[in-house]
Amino acid sequence: MLDFVIFAVTLVVVLLIAVIYMYPSSKKITTIPGLDSTSAQDGNLVDIQRAGSLHEFLQQQHKELGPIVSFWIGEGFVVSIASPSLFKQHANVFDRPGELFSIMLPIFGDKSLYFLNGAEGRARRQLYDKSLSHENLDQYSEILNKISSDMAGKWGTVVKDEHISLQQYMTAFAIKAVLQCVMGPYFKDDKEVLTFLRSFDQVWLELEQRIRDPEIPSDDSPRGKIFKSALEEMRAAITRALEHRTKHRMGSKEDLIVDHVIAAHKKDTNAQVGDCLTYIVTGVSRATSLLTWCLYFLASHPEVQDKLFTELLHGYNMGDVSTASVFRLRYLREVIEETLRCAVIVPFSARCQDFDTEIGGHKIPKNTAVIQALGVVMHDEKLFPIPNKFDPMRFNVENSTQRDTLAYCPFGFGSKRHCPAKDLTYLMTSVLVATLIRKFSVRMVEGQVVTPYYGLVTRPEDEVWVTVTKRK
């Protein structure tokens with residue numbers, strides 16, 4: 001009998017060890033609440049897809065389990081944090097877990113700043129950030145005012161009650177503005193802009209498809225061929241712009257990102273293209289989304305638009321929108337802040353460390369990807385009551401000072417790896433919105449239901465249609 005008991009106990013222990021080995025659940029390595037891996041190969045991918053997106057999955061997990069949760073992506077253990085206090089404990093981490101963003105690898109390349117960590121990554125960011133500093137913003141004002149005025153001119157030719165495709169216009173603006181701010185005058189040529197736009201649209205479409213279906217198509221498949229061709233065309237356009245800038249930079253007073261990229265990589269064209277595309281692709285996608293949502297919220301909230309128009313009417317003269325005037329327009333700033341919060345343009349960021357650490361009293365094994373669930377926090381009803389309501393007054397001086405500074409981090413936070421173009425993004429959005437709203441009343445076409453799609457950035461799932469009327 002004793003022999004049988006020993007045999008049974010031994011068998012159970014062996015089976016338990018085998019299960020733990022084959023399915024390395026979070027219970028083995030951490031006390032953080034979360035999901036065990038449902039598949040040794042995919043982790044909790046099915047659970048994420050069932051939720052609709054990673055952002056929506058994180059919302060569910062944090063609502064059920066609290067401000068720190070764990071799960072699996074493939075064979076990788078992942079932690080997500082969602083509170084200002086936990087953000088503070090992770091505020092000085094610079095390195096990015098490349099495996100979570102591998103979908104961007106074919107676009108930027110492994111030499112790009114997007115994937116660069118450690119001392120070299122910090123040094124390169126510091127170099128590039130010079131051209132995006134607050135002190136350098138004036139050099140972009142003329143570019144942005146010109147493109148904004150051109151768009152206002154096109155809106156001025158629209159027939160009364162004609163439906164305007166908002167995302168299409170905002171994409172056109174963002175492409176021109178970002179290309180010229182990053183690369184310089186070469187992209188004043190509309191033909192080159194259109195060439196880049198065509199390839200960008202195809203590349204972005206494929207990336208969003210890969211989010212829905214992680215199985216990457218082969219290069220020989222129809223999808224693979226379209227993607228490869230579009231990517232080659234996009235890289236060729238940036239290569240031409242780099243060659244142009246190298247030849248014609250002499251004597252220019254501009255201090256653009258492209259200049260620092262050329263200096264950093266000397267004759268390594270692939271590395272130059274990768275870093276330029278890092279700023280362009282992320283910049284265009286985020287600017288398009290922010291501008292679309294901002295004008296959507298203004299069109300669907302006439303009382304907010306009227307209040308903004310009053311500020312614009314009295315806030316400065318009717319000439320170009322200067323950098324100085326942008327930062328005097330307090331209500332415009334509040335509208336942009338609330339757009340970033342309400343629309344959750346970038347739902348999360350992520351960091352990692354190459355040593356064991358601790359967050360919220362829990363051990364975090366080295367090289368663990370830690371997601372900073374920015375969107376979850378910005379929709380936390382304890383921090384932002386009725387979080388789905390669009391209310392710019394949340395960001396007036398009185399309300400802002402009562403909130404933890406890390407409760408609102410639409411551009412990420414800490415350690416010099418938050419969005420480098422934060423100030424330029426505010427300027428770009430301010431110039432276009434101010435130019436359009438002081439000249440036009442924008443209204444929604446009736447009968448639309450606008451639903452967010454949480455992909456690489458958060459955008460409206462379908463086109464947003466508006467009408468515009470010239471102001472007297």
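Sequential numbering from 1 along the given sequence is applied to the chain's residues.
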Who passes side chain to side chain contact (heavy atoms under 4.5 Å, CB included) against Ala230, sequence neighbours left out? Ser199, Gln202, Val203
Return yes when atom CD of Glu463 has more than 12 non-hydrogen atoms of other residues, nucleotides or ligands closer than 6.0 Å, and no otherwise. yes
Non-neighbouring partners of Asn367 that pass side chain to side chain donor-acceptor pair (under 3.5 Å), sequence neighbours left out: none
Is the backbone of Trp72 close enough, under 3.5 Å, to the side chain of Asn44 for a donor and an acceptor to pair up by distance? yes
What are the two closest non-hydrogen atoms of Pro106 and Arg210, and how far apart are they? CG-NH1, 4.3 Å
Residues at least two apart in sequence or cross-chain that pass ring-ring contact (aromatic ring centres under 6.0 Å, His included) with His301, listed by chain then number, are Phe390
With sequence neighbours excluded, what pairs up with Glu120 under the side chain to side chain contact (heavy atoms under 4.5 Å, CB included) test? Leu116, Arg124
Considering residues at least two apart in sequence or located in another chain, which fulfil the side chain to side chain contact (heavy atoms under 4.5 Å, CB included) criterion with Lys307? Tyr331, Met393
Any chance the rings of Phe413 and Phe87 have centres within less than 6.0 Å? yes
List for me each residue that meets ring-ring contact (aromatic ring centres under 6.0 Å, His included) alongside Tyr296, sequence neighbours excluded, and say none if there are none. Trp293
Qualifying side chain to side chain donor-acceptor pair (under 3.5 Å) pairs with a residue from residues 336-345, counting only residues at least two apart or across chains: Arg333-Glu337, Glu337-Tyr408, Glu337-Tyr426, Glu338-Arg341, Glu338-Arg394
Residues which pass side chain to side chain contact (heavy atoms under 4.5 Å, CB included) with Pro302, listed by chain and number, not counting sequence neighbours: Arg443
Could I get the full list of side chain to side chain donor-acceptor pair (under 3.5 Å) partners for Asp462, not counting sequence neighbours? none
Does Gln41 CD have over 12 foreign heavy atoms under 6.0 Å away? no
Enumerate the residue pairs fulfilling salt bridge (Lys or Arg N to Asp or Glu O under 4.0 Å) with a member in residues 444-454, sequence neighbours excluded, ordered by first and then second residue. none
Is there side-chain contact between Asp275 and Tyr128, with heavy atoms separated by less than 4.5 Å? yes
Against the six-membered ring of Tyr114, is Arg96 placed for a cation-pi contact (under 6.0 Å from the centre, within 45° of the normal)? yes
Show every salt bridge (Lys or Arg N to Asp or Glu O under 4.0 Å) that has at least one partner inside residues 369-382, sequence neighbours left out. none
With rounding to the nearest 0.5 Å, note down the distance linking CD in Gln167 to OG1 in Thr288. 8.5 Å
Asp129: which residues meet the side chain to side chain donor-acceptor pair (under 3.5 Å) condition with it, sequence neighbours left out? Arg125
